[in-house]
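Right, one structure below, let's go through it.
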Amino acid sequence: MRAGVTLRSWLRAGLHRSRMEQDMDNEIHFHIERYTEDLVRDGISPEEARRRALAEFGAVEGHKEECRQAIGLRLLDEVRADLRFACRMLRQSSAFTTVAIFSLALGIGANTAIFSMLNATMLRTLPVEDPHRLVQLQSSGRAFRPGYFSNSIWEQVRDRQQAFSGMLSWSTDRFDLSVGGESHFAEGLWVSGNFFRVLGVPAMRGRLITTDDDVHGGGHAGPVAVISYSFWKRHFGGDPNILGKTVRLDRHPFAIIGVTPPWFTGLDVDRGYDVYIPIGCEPILHTESSMLADRYAWWLRILGRLKPGEASQEAESA
Amino acid sequence: MAKRLDLLQGTLDMLILKAVSLDRLHGYGILLRIQQISGERLQIQQGSLYPALYRLEHQGLIASEWGESENKRKAKYYRLTAVGRRQLHDEQQNWRRMADIIAGIMNTAPEEL
């Protein structure tokens with residue numbers, strides 16, 4: 001409590017400095033005047049009384065300085081004087097100042113850049129439900145393309161695994177949006193039927209891709225696509241009747257069935273995606289050389305969601 | 001009138017606390033009160049009163065507010081705080097013990113040793 005009082009007193013004096021000086025003057029003048037009056041009452045002439053009152057009070061300025069010191073204002077004054085001096089010196093040697101400011105700016109800038117990069121790749125987590133329970137499958141032994149699997153392997157893993165509560169696979173691609181003429185590209189993601197369910201991402205509009213859509217050559221609903229929130233805003237102007245509209249990918253029509261929420265930007269924290277289409281629709285785009293049956297096309301990455309209470313080591317051995 | 005005694009080093013704070021513990025007083029009033037109680041036997045350097053008041057207020061032992069004096073003028077009045085009251089109590093006890101010890105030493109006769 002004592003420290004609080006002291007700090008308050010110091011702040012009050014520091015912030016309302018002129019008011020404090022005024023108060024101090026008034027207080028001392030009051031003292032000297034009262035003493036003068038008392039002396040006059042004792043029969044001393046006014047001039048003599050004033051002279052004696054001033055003399056007996058002592059050096060007014062000296063006592064005022066002691067008052068300031070008593071509440072620690074001296075320190076404040078000295079710091080202020082030092083700062084003023086520092087600024088003056090910096091202004092005088094402008095070349096030195098420029099170099100100093102420049103190197104500071106460079107240092108701060110570089111640090112910020114590196115931190116932003118680290119933050120995006122290592123510190124931030126995926127914008128999905130319970131991201132620390134997701135593990136990515138790695139191929140053992142000497143793989144042709146480490147971390148990537150062919151569709152036949154993915155389908156076997158998907159149908160036989162028991163270690164995970166759910167698995168998904170995906171692959172990045174880029175689709176041409178134009179109907180003819182100049183090409184416009186959309187960042188795309190091939191996703192397995194349970195992609196959104198395993199990640200725990202809900203639809204903001206319509207519905208998301210399910211296992212029924214992820215059938216070779218397209219499911220009952222035909223070739224379908226889910227678009228991202230930013231693509232919906234950017235490419236369709238946030239059209240409220242977006243569901244059922246068509247988006248052409250590499251000149252093949254896909255029916256838009258849903259929009260993902262703004263916070264979901266795919267499985268890479270440092271980039272976003274525009275469209276999500278089922279892996280099963282791949283033969284529609286690549287009629288001549290589909291990768292679905294190609295045992296040497298290593299194009300899919302696989303994620304598994306650990307069962308509650310299971311460590312990743314157990315899943316690894318399974 | 002006997003020659004006035006100079007104040008013992010370090011005792012001014014205690015005397016101020018004692019004076020404002022009896023009554024709400026302005027600076028000049030504190031000076032008069034101490035001189036009155038001491039029977040005009042103490043010599044207090046008037047200006048040195050104010051640094052002591054500022055220090056005590058800064059430490060939270062006394063609090064001040066502006067009010068009107070007896071002759072209708074604005075004056076800064078001081079009063080004792082709860083913390084100040086405890087401090088005064090402690091200093092009073094210390095002072096009594098110190099005075100006893102010093103008196104005991106000074107009154108020692110050769111045959112008592």
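Chain letters run A, B, ... following the sequence lines, proteins first, then strands; residues in each count from 1. Note that the coordinates shown come from a computational prediction; the quantities given were computed from them, not determined experimentally.
When the heavy atoms of residues 50-67 of chain A are compared with those of chain B, the residues falling under 4.5 Å are E56(A), F57(A), G58(A), H63(A), E66(A), C67(A), listed by number.
In this pair, H31(A) and Y28(B) present their aromatic rings perpendicular. The plane angle is above 60°, beyond the 30 to 60° band.
Counted within 6.0 Å of CZ on R73(B), heavy atoms from surrounding residues, nucleotides or ligands total more than 12; the atom is thus considered enclosed.
The CG atom of L31(B) sits 11.5 Å away from atom CZ of R34(A), with the distance rounded to the nearest 0.5 Å. Taken from CG in L56(B) to CD1 in I71(A), the straight-line distance is 12.5 Å, to the nearest 0.5 Å. Taking NZ from K76(B) and CD1 from I28(A), the interatomic distance works out to 9.5 Å, rounded to the nearest 0.5 Å.
Residues N26(A) and W66(B) approach most closely at CB-CH2, 3.7 Å, considering heavy atoms.
Under the 4.0 Å criterion applied to side-chain N and carboxylate O atoms, K74(B) and E27(A) are not assigned as salt-bridge partners.
Ranked by non-hydrogen atom pairs under 4.5 Å with chain A, the options G27(B), A52(B), S48(B) are led by S48(B).
Only the side chain of S69(B) comes within contact range of chain A, with at least one heavy atom under 4.5 Å from a heavy atom of that chain.
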